[in-house]
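I have placed the structure first, in the form of structure tokens, so that the comments after it can refer back to it.
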Amino acid sequence: MSLLAVFAPHRTAAQVPRSGPAKSNRMKRKYALDRARAQASDVLAATGLVAADAMTLVEPKPNIPADLAFPIFAAAKSAGANPADFARRVADAVTLPADSLLGAVEAADGFVNIHFAPERFARAVLDDVFSADDAYGRDAGIGAEQTLVVEFSSPNIARKMHVGHLRTTVIGNSLRNILVALGYRVITDNHLGDWGTQFGSLLAAHALWGWPPQMETDPVEALVQIYARFHAAAEADPALRDLARQWFKRLESGDEAARATWKQLVKITLEEFDRTYQRLNITFDTTHGESFYEPMLESVVREAIDKGVARVEADGAVSVGFGEALPSYLLQKSDGATLYQTRDVATCLYRWHEYAPARNIYVVGQEQTLHFQQVFETVRRMGYPEIADRSVHISFGAVTDVGGQRFSMRRGTAIFLDEVLDEAVARARQTIGEKMAEGKTELSEAEQETTAEIIGIGAIIYNDLYQGPERGIRFDWDKLLSFEGNTALYIQYTHARCRSILRKADLSPLGRAGDFNAALLTTPEEQAVLKQLARLPHALREAGEKFLPALIAEWTYNLAREFARFYHEHPVLDAATPELRQARLGLVQAVGQGLRNGLALLGIRAPERM
RNA sequence: GCGCCUGUAGCUCAGCGGAUAGAGCGUUUGCCUCCGGAGCAAAAGGCCAGGGGUUCGAGUCCCUUCAGGCGCACCA
């Protein structure tokens, strides 16, 4: 079969699920806040004073005593009225149905401020949480089973993962969780660096010296060292470079011995990577490395040339030019070898053929922005605008040391990922030891170990997710392993307290919101907790739309904060009446659920006690 | 030189064209007879890099200058 046929667009756009936001509101799950907003729009429209399409509701800042606000300036202008007067007229004209989630409407300068009815709002929110539990916040209608590909992590074979791999790994995994929660069918792919001339060096080194003894105990370290040794030797003896090239050529042409050794390298390294992924609770659907696309490269290059997208230079190299739009790049070297870019063009086309994804997402550092622009544009010009349009590069800033220097393998300044995880867990274990000594917690030996792992790993993940990806981040041990303030530990700790209260209450599972009277939860602190709880669905949708896990981190942290305020202010177990105690226990359980759901979306576990 | 990203409190960062710009860390100060103090509360700290513009309204949008990071063909 011609390899060209592989890329024939046998799926037309019409057969493919359409990308973009879900088309039908009916598909979307309606949560309390959605309903409240819809009701607010309805009652404002019913006044006849405001056109429905001119209505934008905003969430007022915390210092404004209101739950929703309608800035009336634009409407006032088109009505030719003074904003403050017009706001008053609109507010006076509003009538609320008896069962509305809204409790009061008032004018405030140029705004119409809307307050929720605390009792009905409390019931609606807790009913949402208890009817969904682990699924609270999810909205399968958004993704509606559309397929997405998310590529992330993508370390190199025969190397160790280092801090530079942290961001892509952690962001990519959380993105996957978020998109799955939104009803997408997500395919995660680890685009391993398992091909290229460096494997020629490794094969040559192996042929010359055999594997070092360390291969038995720490194989990847052994590979790193033998590679460094070969590299040094080649400096002195250029003939070794040719040897490496020959070995790579043998590998490329399918030489069985070369192939077998290479496979061994891949296997050994992947086993080590898998241990790290397991600690981070990450799995991949596919681990198509660059080698996977090797058989397709020749036809990709030929197709690009045939379609006039690429051209053969005098020296035999194949280049792609974009005129003024982008710098040109090479699809094939003058010696006939392919490049990283060639494999990415093939990858992009392969995914289109295989999955026809609504989005093809690359979680890769910002230094590759131009690379992806070139790849996507090449694919577009080759006649696949659909996949080009649907491919997105989620970029993020580089990790540098405290002095702003990038980490470098060559300079020996790289910090390995496992070191980071081990250090974080060790630090957590030490802190647990201190708390034990202070008598603040009681955990068995085994619990201490698992809890230290959960806390340490959680700290690492959260440190990378709590801020947006665009900025570069400085790798600062103290900040990374800080257990105070806006950290995973604060959230985990709050969760553990929720669970502790519920254990002490010693009641049969609360079950549904109907088992207690949520309408009793009307204090400002309780309402603040409920409101934050109610915002999860919105935060999740937005995180999915913008590919921003940071929004989930922010939501979860704020829920923990609101709960801590409530908890400090109001007794739960010793509440004034049994009914109030029961209602507050319901709130505690809902918060625990919310924190757990938020952390789960980030890829962080929530311990029962710590 | 061209392109992309960033510039908000001492530090690390939120901030969707709407009201008095918010957190965490650090600093100062209160709060453990009380459901876990790994917590809560309060104070101090800002010409939102500079300059123009658009708008009823700009940290947010546009233009421009400056500063930092990254990238721009035979590595990945």
Side-chain angles (χ1 to χ4, degrees), chain A residues 56 58-64 66 69-74 76-77 83 108-111 113 154 156 193 195-198 290 313 315-321 324 326-335 337-341 343-344 365-371 373-374 395-398 400 404 406 431-432 434-435 438 440-441 455 463 466-474 476 478-479 482-487 489-490 492-494 496-505 542 546 550-551 554 557-558 561 564-565 567-575 581 584-585 588 609-610:
Chain A
T56 48
V58 298
E59 200 171 317
K61 293 183 176 164
N63 54 2
I64 305 296
F70 172 46
I72 206 148
F73 305 98
K77 197 181 181 190
D109 294 328
F111 295 85
N113 284 344
S154 309
N156 291 319
W195 205 247
T197 39
Q198 73 269 28
E290 291 180 56
E313 304 286 337
D315 62 0
V318 177
S319 70
V320 180
E324 295 291 296
L326 287 171
S328 58
Y329 74 103
L330 238 41
L331 214 46
Q332 191 173 305
K333 299 200 270 184
S334 49
D335 67 0
T338 55
L339 294 121
Y340 179 62
Q341 301 88 285
R343 296 189 275 277
D344 256 334
Q366 63 155 35
E367 66 276 6
Q368 297 201 33
T369 302
L370 174 61
H371 163 74
Q373 284 175 354
Q374 290 167 327
S395 81
F396 50 83
T400 57
R406 304 197 85 190
T431 309
I432 290 170
E434 287 163 14
K435 296 296 163 189
E438 291 169 27
K440 289 186 174 154
T441 184
I455 291 175
N463 183 254
Y466 87 98
Q467 58 174 262
E470 292 299 345
R471 260 182 232 253
I473 57 176
R474 303 220 159 173
D476 181 344
D478 288 337
K479 182 163 158 279
S482 158
F483 289 145
E484 280 170 8
N486 188 358
T487 62
L489 183 117
Y490 174 79
Q492 290 168 325
Y493 178 68
T494 308
R497 290 167 109 184
C498 289
R499 303 305 300 170
S500 172
I501 292 169
L502 293 166
R503 277 195 302 275
K504 289 219 166 76
E542 201 179 349
K546 298 182 175 170
L551 296 176
E554 188 186 24
Y557 171 66
N558 284 329
R561 239 183 108 66
R565 287 184 174 136
Y567 166 91
H568 190 260
E569 201 67 29
H570 302 289
V572 176
L573 296 175
D574 294 330
R581 172 185 145 112
R584 286 186 175 158
L585 282 168
V588 170
R609 61 184 91 217
M610 54 195 278

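Residue numbers start from 1 in every chain, and the chains themselves are labelled A, B, ... in the order their sequence lines are given, proteins ahead of strands. Any value given below was found using the heavy atoms of this structure, including those in side chains, with hydrogens, waters and symmetry copies removed. Nothing here was measured: the structure is a model prediction, and the numbers come from that model.
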Start at the 5' end of RNA chain B and walk down; is the nucleotide closest to Phe73(A) or to Ser334(A) reached first?
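Of the two residues, Phe73(A) wins.
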Please compare Tyr340(A) and Thr487(A) by the position of their nearest nucleotide in RNA chain B and report the one closer to 5'.
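In this pair, the answer is Thr487(A).
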Please give, in whole Å, the distance from [N] [atom2] to [X] [atom1]?
| X | N | atom1 | atom2 | result |
| --- | --- | --- | --- | --- |
| Glu470(A) | C13(B) | CD | P | 13 Å |
| Leu370(A) | C2(B) | CG | P | 16 Å |
| Lys479(A) | A23(B) | NZ | P | 19 Å |
| Glu554(A) | A23(B) | CD | P | 12 Å |
| Gln332(A) | A73(B) | CD | C1' | 13 Å |
| Gln373(A) | C70(B) | CD | P | 18 Å |
| Glu367(A) | C72(B) | CD | P | 10 Å |
| His371(A) | G3(B) | NE2 | C1' | 16 Å |

Do Phe111(A) and Phe73(A) have their ring centres less than 6.0 Å from each other?
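Yes; Phe73(A) has its ring centre under 6.0 Å from that of Phe111(A).
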Counterpart base for [N], defined by Watson-Crick or G-U wobble contacts under 3.5 Å:
| N | answer |
| --- | --- |
| C2(B) | G71(B) |
| A23(B) | U12(B) |
| U54(B) | none |
| G39(B) | C31(B) |

In 5'-to-3' order, the base (B), backbone-only (S) or no-contact (-) status of each nucleotide in nucleotides 32-40 of chain B, using a 4.0 angstrom heavy-atom cut-off, is ---BBSBBS
Contact class for [X] vs. all strands (heavy atom < 4.0 Å): base, sugar-phosphate, or nothing?
| X | answer |
| --- | --- |
| Ala69(A) | base |
| Pro60(A) | base |
| Gly365(A) | nothing |
| Glu542(A) | nothing |
| Gln366(A) | base |
| Gly193(A) | nothing |
| Asp476(A) | nothing |

Tyr557(A) stacking on A23(B): centroids under 5.5 Å, ring planes under 30°?
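By the stated criterion, Tyr557(A) and A23(B) do not stack.
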At what distance, to the nearest 0.5 angstrom, does [atom1] of [X] lie from [atom2] of [Y]?
| X | Y | atom1 | atom2 | answer |
| --- | --- | --- | --- | --- |
| Leu573(A) | Arg584(A) | CG | CZ | 11.0 Å |
| Gln374(A) | Thr369(A) | CD | OG1 | 11.0 Å |
| Asp344(A) | Leu339(A) | CG | CG | 11.5 Å |

Determine the interatomic distance between [atom1] on [N] and the same-named atom on [M]; round to the nearest Å.
| N | M | atom1 | result |
| --- | --- | --- | --- |
| G22(B) | A9(B) | P | 14 Å |
| G59(B) | A19(B) | P | 9 Å |
| G69(B) | A49(B) | C1' | 16 Å |
| G57(B) | G53(B) | P | 13 Å |
| G24(B) | C70(B) | C1' | 28 Å |
| C48(B) | A42(B) | C1' | 25 Å |
| G26(B) | C11(B) | C1' | 8 Å |
| G15(B) | A58(B) | C1' | 13 Å |

Does a side-chain heavy-atom distance below 4.5 Å link [X] with [Y]?
| X | Y | value |
| --- | --- | --- |
| Lys504(A) | Ile501(A) | no |
| Gln341(A) | His371(A) | yes |
| Leu489(A) | Met610(A) | yes |

Is C32(B) syn or is it anti, if syn means the base angle is within 90 degrees of 0?
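Syn conformation for C32(B).
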Shortest non-hydrogen contact from Gly468(A) to Ala550(A)?
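Shortest heavy-atom contact: N-CB, 4.1 Å.
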Closest non-hydrogen atom pair between Ala575(A) and Pro571(A), with its separation
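Here Ala575(A) and Pro571(A) meet closest at CB-O, 3.8 Å.
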Is Arg471(A) near enough to U12(B) that one of its side-chain N or O atoms lies under 4.0 angstrom from OP1 or OP2?
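Answer is no, no contact under 4.0 Å.
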Return no unless some side-chain N or O of Asn113(A) is found under 4.0 Å from OP1 or OP2 of A19(B).
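Indeed not, no polar side-chain atom of Asn113(A) lies that close.
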So, under a plain 3.5 Å distance rule, would you say the side chain of Asp315(A) forms a donor-acceptor pair with the base of A73(B)?
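Check fails, no donor-acceptor contact within cut-off.
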Counting only side-chain heavy atoms from C-beta out, which of U55(B), A19(B), A76(B) sits nearest to Gln341(A)?
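Nearest listed nucleotide: A76(B).
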Return the nearest nucleotide to the side chain of Lys546(A); candidates are C16(B), G24(B), U20(B).
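Of the options given, the side chain of Lys546(A) lies nearest C16(B).
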Before you tell me yes or no, could you show the steps for Ile455(A) and Ile432(A) under side chain to side chain contact (heavy atoms under 4.5 Å, CB included), namely the whole-Å CA-CA distance, both residues' side-chain angles and the distance that decides it to 0.1 Å?
CA-CA 10 Å; Ile455(A) 291 175; Ile432(A) 290 170; 4.1 Å; yes
